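Note on naming: letters A, B, ... go to the chains in the order of the sequence lines (proteins, then strands), and numbering restarts at 1 for each one. Source: prediction; values computed, not measured.
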There are 2 protein chains.
Amino acid sequence: MARDQLSRVFAALADPTRRDLVARLSLGDATVGELAAPYRLTPQAISKHLKVLEEAGLVTRRRDAQRRPVHLEAEVLDQMTAWIERYRAQAEERFRRLDALLDRMAAEEDGHRQEREDES
Amino acid sequence: MARDQLSRVFAALADPTRRDLVARLSLGDATVGELAAPYRLTPQAISKHLKVLEEAGLVTRRRDAQRRPVHLEAEVLDQMTAWIERYRAQAEERFRRLDALLDRMAAEEDGHRQEREDES
DNA sequence: TGGTTTCACAACCAATCGGTTGACAAGTGC
DNA sequence: GCACTTGTCAACCGATTGGTTGTGAAACCA
């Protein structure tokens with residue numbers, strides 16, 4: 001996934017209304033009118049939100065007479081998850097190694113204390 | 001995760017510079033100066049980016065003399081992944097059922113064609 | 001103490017964002 | 001052909017964003 005493509009996807013999902021639309025579309029395709037109905041926004045506003053989602057590749061639109069059914073593309077969500085997972089995994093691996101190091105240091109400290117106690 | 005918290009996290013990661021910072025921090029904690037060095041931006045700009053990451057809960061800052069080491073909090077990335085995964089899974093389950101339906105319809109169609117061929 | 005390093009805050013600027021209203025294009029159905 | 005439905009495009013507005021410069025606080029070091 002290209003760099004600005006990733007930016008577009010994150011930016012698209014940074015808006016609560018657009019996340020709502022994604023949630024709704026995960027249950028099935030819908031027209032702009034159906035998507036707009038639950039909101040107090042104008043259909044134009046919803047249309048703009050859908051355009052943002054479309055440019056991010058999260059959504060595609062068919063042509064069906066004068067209707068424009070909207071369809072969620074789940075693959076892009078996969079690519080996002082992959083990006084996030086990459087850095088989460090790196091950070092957690094780093095903590096794992098740090099924990100191991102601290103354990104070793106604590107064990108050595110115990111060893112030294114044991115030696116000192118043996119001397120006395 | 002609260003609604004605007006999620007918005008803040010997505011918005012934070014929508015900027016390529018901030019994603020770079022997250023990538024860098026996944027390898028280990030760093031000071032503002034260290035983080036700013038590779039960029040042609042002023043340290044103030046980096047500091048602002050870090051503030052955005054901090055308000056999103058992605059990052060925390062310690063106090064170490066006059067330095068402010070920055071630390072990546074991996075848990076928030078987990079919560080993000082969970083949100084994404086939820087709707088991706090729903091969408092894919094829906095496709096799975098649609099595929100099954102289409103398979104059944106195709107099978108029935110085959111059955112009918114078979115009947116018609118039997119009649120002739 | 002005074003100078004240096006590291007960093008944040010405030011004020012400003014151009015660009016982008018989320019919303020509105022108004023006009024209109026594309027299709028359907030009488 | 002004409003009215004209606006569905007949806008987009010364009011222009012505008014206030015708020016936010018990503019960057020800058022300037023200033024100054026906090027801790028170290030000589």
Side-chain angles (χ1 to χ4, degrees), chain A residues 2-25 28-73, chain B residues 2-25 28-73:
Chain A
R3 196 185 177 73
D4 352 40
Q5 176 64 9
L6 194 51
S7 293
R8 269 184 237 118
V9 175
F10 276 113
L13 295 181
D15 184 280
T17 302
R18 287 195 291 262
R19 284 202 306 280
D20 264 8
L21 293 174
V22 167
R24 165 66 184 81
L25 288 169
D29 297 358
T31 67
V32 176
E34 289 164 356
L35 290 170
Y39 300 95
R40 286 188 294 103
L41 298 177
T42 60
Q44 289 94 322
I46 299 298
S47 188
K48 269 176 131 183
H49 280 307
L50 288 172
K51 193 174 184 184
V52 173
L53 290 171
E54 188 175 25
E55 281 166 357
L58 281 163
V59 134
T60 52
R61 283 138 129 180
R62 278 203 332 281
R63 176 112 236 170
D64 173 21
Q66 71 269 53
R67 278 174 221 86
R68 302 293 308 276
V70 185
H71 174 80
L72 179 64
E73 297 290 336
Chain B
R3 198 187 176 77
D4 354 41
Q5 176 65 8
L6 194 52
S7 293
R8 268 184 238 120
V9 175
F10 276 113
L13 294 180
D15 184 280
T17 302
R18 286 194 291 261
R19 284 201 306 278
D20 264 6
L21 294 173
V22 167
R24 165 66 185 81
L25 288 169
D29 297 0
T31 67
V32 176
E34 289 164 357
L35 290 170
Y39 300 95
R40 287 187 295 103
L41 298 177
T42 60
Q44 288 95 324
I46 300 297
S47 187
K48 269 177 133 182
H49 280 308
L50 289 172
K51 193 174 184 184
V52 173
L53 290 171
E54 189 175 23
E55 282 167 357
L58 281 163
V59 134
T60 53
R61 284 139 129 179
R62 276 204 334 280
R63 176 112 236 172
D64 173 21
Q66 71 269 51
R67 278 175 222 86
R68 304 292 309 276
V70 184
H71 173 82
L72 179 64
E73 298 289 336

Exercise for review: Kindly write out the residues that satisfy side chain to side chain donor-acceptor pair (under 3.5 Å) with A:Arg61, not counting sequence neighbours, or none if the list is empty.
Suggested key: A:Glu54
Point to revise | Any B:Arg68 side-chain nitrogen or oxygen under 4.0 Å from OP1 or OP2 of D:dA26 | key: no
Check your understanding: What closest approach, in Å, do B:Ala56 and B:Val9 show between heavy atoms, and which atom pair accounts for it?
Key -> O-CG2, 3.3 Å
Point to revise | Point-to-point distance, once rounded to the nearest 0.5 Å, from CG of B:Leu53 to CD1 of B:Ile46 | key: 10.0 Å
Review point. Is the shortest heavy-atom distance from the side chain of B:Asp20 to the side chain of B:Arg24 under 4.5 Å?
Key: no
Within the sub-3.5 Å range, which N or O atoms of nucleotides 27-30 of chain D have a protein N or O partner, and how far apart are they?
none

Review point. So which heavy atom on B:Pro38 is nearest to which on B:Leu35, and how close?
Key: CD-O, 3.2 Å
Exercise for review: In whole angstrom, give the distance that lies between atom CG of B:Asp20 and atom C1' of D:dG18.
Suggested key: 15 Å
Practice item. To the nearest 0.5 angstrom, please state how far the CG atom of B:Leu25 sits from the CG atom of B:Leu58. Key: 10.0 Å
**Study point:** OP1 or OP2 of C:dA8 under 4.0 Å from side-chain N/O of B:Ser47
**Key:** yes
Point to revise | side-chain contact (heavy atoms from CB on, under 4.5 Å) partners for A:Ala14, two or more places apart | key: B:Phe10, B:Ala11
Extract from the structure each pairing of a protein N or O with an N or O of nucleotides 15-21 of chain C at less than 3.5 Å, listing the distance.
from, atom 1, to, atom 2, distance (Å)
C:dG18, OP1, A:Arg18, NH2, 3.0
C:dG18, OP2, A:Arg18, NH1, 3.3
C:dG19, OP2, A:His49, NE2, 2.1
C:dG19, N7, A:Lys48, NZ, 2.8
C:dG19, O6, A:Lys48, NZ, 2.2
C:dT20, OP2, A:Thr42, N, 3.2
C:dT20, OP2, A:Thr42, OG1, 2.9

Enumerate all atom pairs, one protein N or O and one N or O from nucleotides 13-15 of chain D, separated by less than 3.5 Å.
none

Considering only distance and modelled atom types, tabulate donor-acceptor pairs under 3.5 Å from the side chains of residues 66-73 of chain B, sequence neighbours left out.
from, atom 1, to, atom 2, distance (Å)
B:Arg68, NE, B:Arg62, O, 3.0
B:His71, ND1, B:Asp29, OD1, 2.9
B:His71, ND1, B:Asp29, OD2, 3.2
B:Glu73, OE2, B:Thr60, OG1, 3.1

Check your understanding: B:Pro43 and B:Val32: which non-hydrogen atoms are nearest, and at how many Å?
Key -> O-CG1, 4.4 Å
Point to revise | Pairs touching residues 40-49 of chain B that satisfy side chain to side chain donor-acceptor pair (under 3.5 Å), sequence neighbours left out | key: B:Arg18-B:His49
